[in-house]
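Scroll down for the structure; my scribbles are underneath it.
All of these numbers come straight from a predicted model, not from anything done at the bench. The chains referred to below are lettered A, B, ... by the order of the sequence lines, with proteins before strands, and numbering in each begins at 1.
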Amino acid sequence: MSAVSFWLIALVAIAGAWTVLVARETIRLIAGLGTFLLGIAGLYLRFAMPLLAASQVFLYVGGVLALFLFAIMALRRDEDRAGPAVRFSVVHASVAAGIFAVLVTALRDVGAASVDVTAGQDAVDAVGALLLGRFLPAFELVGGLLFVALVAVLAISAGEDRR
Amino acid sequence: MSGIVVACLLFSLGLYGVLTRREIVAVLASIEVMLGGATLLLVVLSSTYGTGAGTAAGANTAASGQAVALLLLAVVAAEAAVGLAVLVSLVRHGKTGVDDIQRVRG
Amino acid sequence: MGVLTANAYLAVLVPLLASAAVGVFGRRSMQLSCWGALAGSVSVLAVGVACVLEPAGRRSVSLGWLASSSGELTIGWHADGLAAIMLVVVGVVASAVVVFSLGYMRRDPDPGRYFALIALFTASMSALVLADSLVTLFVGWELVGACSYLLIGFWYDKPSAADAARKAFIVTRVGDAGFMLGLAVLWGATGTLAIPEVLGRVAALPASTATVAALLLFAGAAGKSAQFPLHVWLPDAMEGPTPVSALIHAATMVAAGVFLVARMWPLFAASPAALQVVLVIGCVTALGAATIAVTQTDIKKVLAYSTISQLGFMFAALGSGAWVAAVFHLVTHAAFKSLLFLASGSVIHGSGTQDLRDMGGLWRKMPLTAGTWMVGVLALAGIPPLAGFFSKDAVIGAVMQRSVPAGAALVAASLLTGLYAFRATQLAFFGRWRGDVQDVAESPAVMTAPLLALAVAAAASGAAAGPVSRLLGAEAEPLSIPIAVMSVVAALIGCLIGSGVWGRDAGVENALPRWLERWWMAARSGYGIDDLYRRVVVRPVIGVAAISYVLVERVIIDGIVEGIGRATRRLGHGAAELQNGDPQRYAAWIAVGAIAAVAVTVWLGR
């Protein structure tokens, strides 16, 4: 049962990713990306990490995806095509396959242990304590990074307007 | 094991997209896919190592994975924001394809 | 005074700083440059005088410099009597030359460079004489050589001056190669290059090692002091400004070879064979150069060959074991030869020529110059009671005791000395004026004052025999009456022939008897030694250079270089393909790299 639910959710994510790969219209591309992101969130839920799943939905589906949509609309492009069809490239496919093979090989020993689906349960307070405790420097750093990114986005767009 | 395979597969799919898509929007979306796969891998691994039969150490490791994943979310969000801003800026100059930004080099 | 004796390094430091200051700030101002250089030379003189007067306050300091497993090189100063004498000589001559230059170089557009180099030379010379280790000495030795090079070629836009500078540098380099080998031998044999320690260990050296080391050092000395067969650079060096010739190529630097042998005296004393070589070279040089001097028509070349000849006297004295007499002759020679050079500078300055055939009767027009020149000439010829008499007598006496033929050669050389000295005097100052310029006038006071000062030194420094000997820790040799009579008679004969023959007819050289004419022409060209070097050394070197140019430069080096260039270009085209700006291609390569990295990690971690 658990394996079936896992693979179902995983297939959703994979299908979303595949759409991103092959979509010819921008709007379908965005839809695929959304599907992929929701699938990832589902997998987080499947691993009993509701906090992460919620954050994924809020941040990605609500934030990044909306950002993508805004960007596409801001371009006001007449044709909503995302470009010509993607031609299959043996070279690039083998590079991607190589990464896959090498990663799976490297992680084979680690993955031999079965995933304990309950390990992350009720870990929300532990995550909060970590973020504001041991990971505080990293947490602050990410805050700084977001701020810099905000300024950078403003600078890039403002610079455009001035020109 | 299956979690790891799925994560690696997503990462590789994203990479293939990054390498082959000719439009900047699609490349950015593919990057999101890669990052999603990577974050998933991180979470899966932390859960695996968190298999400590309910020990404090095991729970802590799993929580660490989640915490790092959360931080990654924020980083990815920043990346997407800047990337899209650059995209908008490029499109205003009439450039939407990867081929158009080949001049942007050292 | 005590400060000066305890800190003898000031004799190096002050001129060095003066040189830097003059070089930086004195570019346009003649006065400023001159005062800077004068401060440098006066400080050398002050330190020298202080060291002479206060032997008790003299200090030798040796500081660690470069430590290695086989020994330590030191840097420091060794202010003993010999160094004190040399400092006084350098200080006096340099001061006189600097003041004289103020007049002589009056119209030169680049006084800053000139006086900066003079001050740098003074500093280098002080470093040379104060050196406590052979390495420091060698540094000073090379520095004075470099200054000599730069000052001979001071008027570098004149090709002959530039050639002469290069010749001086290269010829002395031949000797310096020997010097360096000598240093290596001493280092290997004694394990140190600190002069007192080397000399302390000389007694323990095997005779052959001592001979080899002494001869190698003598090669350096012969190059610097223009001894046969390395003398060929000094006559050409006269291309430099005349005050430079007075300072560097008469009084100080060329005497450095004598100083070196005197400094390393125990080493030479340990090797009779080496001393024999020194004696022979000295006598050959003294006699040969004197014969050449008789035939020269350029007033400065006469003095140049005279300098070579007098340095030969000093080396003959060294070779006979009379190093104190050699140093004494060095002192008096510095006085009268720098005087003669400066006087010739005054003559050149006034008459606009340095060809004796175009002079004549100058004593009426330049009385002060003529008077001081006479003092110098008499001192050079060795006429009592002037300085040259005492020192030359000491030299000839010492050489006579050692070897009668050598002594006879020196007596003959003193006869020739009187001959060429009075020939030049007669041609320049007496007879009728043969030049084109009519308004020849006495030089200004700034030039005649140093002449007068040096004339006093040339007249009186004969009295320095006692102090010099005491400073060197030896007893002054009493005057030997038979020797004195012999050498004075020889010198007088020379003087009389010189003034008699050329006094009657200035153009006598053009109508020589056949047997004399052949010799005269040979001597005039320096016995063809330059020509010999040109044929034996220069041409083969140029030939080898031409062959190596074609073979090495064209075929091998160009082949390699251009091959590398072509290969690089091809590689570059290939690499440029990688960097064509396509970000996706970059990403693909990054991915490939990541695959490789992970694969290697996994494989190695297995």
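To the nearest 0.5 Å, the span separating CH2 on W7(A) from OG on S2(B) amounts to 5.5 Å. Taking OG from S89(A) and OH from Y16(B), the interatomic distance works out to 5.5 Å, rounded to the nearest 0.5 Å. Rounded to the nearest 0.5 angstrom, L71(B) CG and Q66(B) CD are separated by 12.0 Å. Note: E23(B) CD to L29(A) CG = 8.0 Å, rounded to the nearest 0.5 Å. Note that CG of L45(A) and OG of S5(A) are 11.0 Å apart. Values are rounded to the nearest 0.5 Å.
Ranked by non-hydrogen atom pairs under 4.5 Å with chain B, the options L131(A), L65(A), V104(A) are led by L131(A). Between chain A and the residues A7(B), A78(B), G17(B), A29(B), the largest count of heavy-atom pairs under 4.5 Å involves A29(B). Most heavy-atom pairs under 4.5 Å with chain A: of the set L72(B), T39(B), L73(B), L41(B), this distinction falls to L73(B). Most heavy-atom pairs under 4.5 Å with chain B, from the set F68(A), F139(A), F135(A): that is F68(A).
Closest of all the heavy-atom pairs between I9(A) and G39(A) is CG2-O, 3.5 Å.
Residue I14(A) touches chain B through both its backbone and its side chain, counting heavy-atom pairs closer than 4.5 Å. Contact of L10(B) with chain A is made through the side chain alone, with heavy-atom distances under 4.5 Å. If you measure heavy-atom distances from V18(B) to chain A, you find no contacts under 4.5 Å at all. The parts of I99(A) that come within reach of chain B are both its backbone and its side chain, each placing non-hydrogen atoms under 4.5 angstrom from that chain. Looking at V43(B), both its backbone and its side chain come within 4.5 Å of chain A, counting heavy atoms on both sides. Contact annotation for V142(A): only side-chain heavy atoms (C-beta onward) come within less than 4.5 Å of a heavy atom of chain B.
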| task | Walk me through it: do R28(A) and T19(A) pass the test side-chain hydrogen bond (donor to acceptor under 3.5 Å, both in side chains)? | result | CA-CA 7 Å; R28(A) 290 190 64 170; T19(A) 312; over 6 Å; no
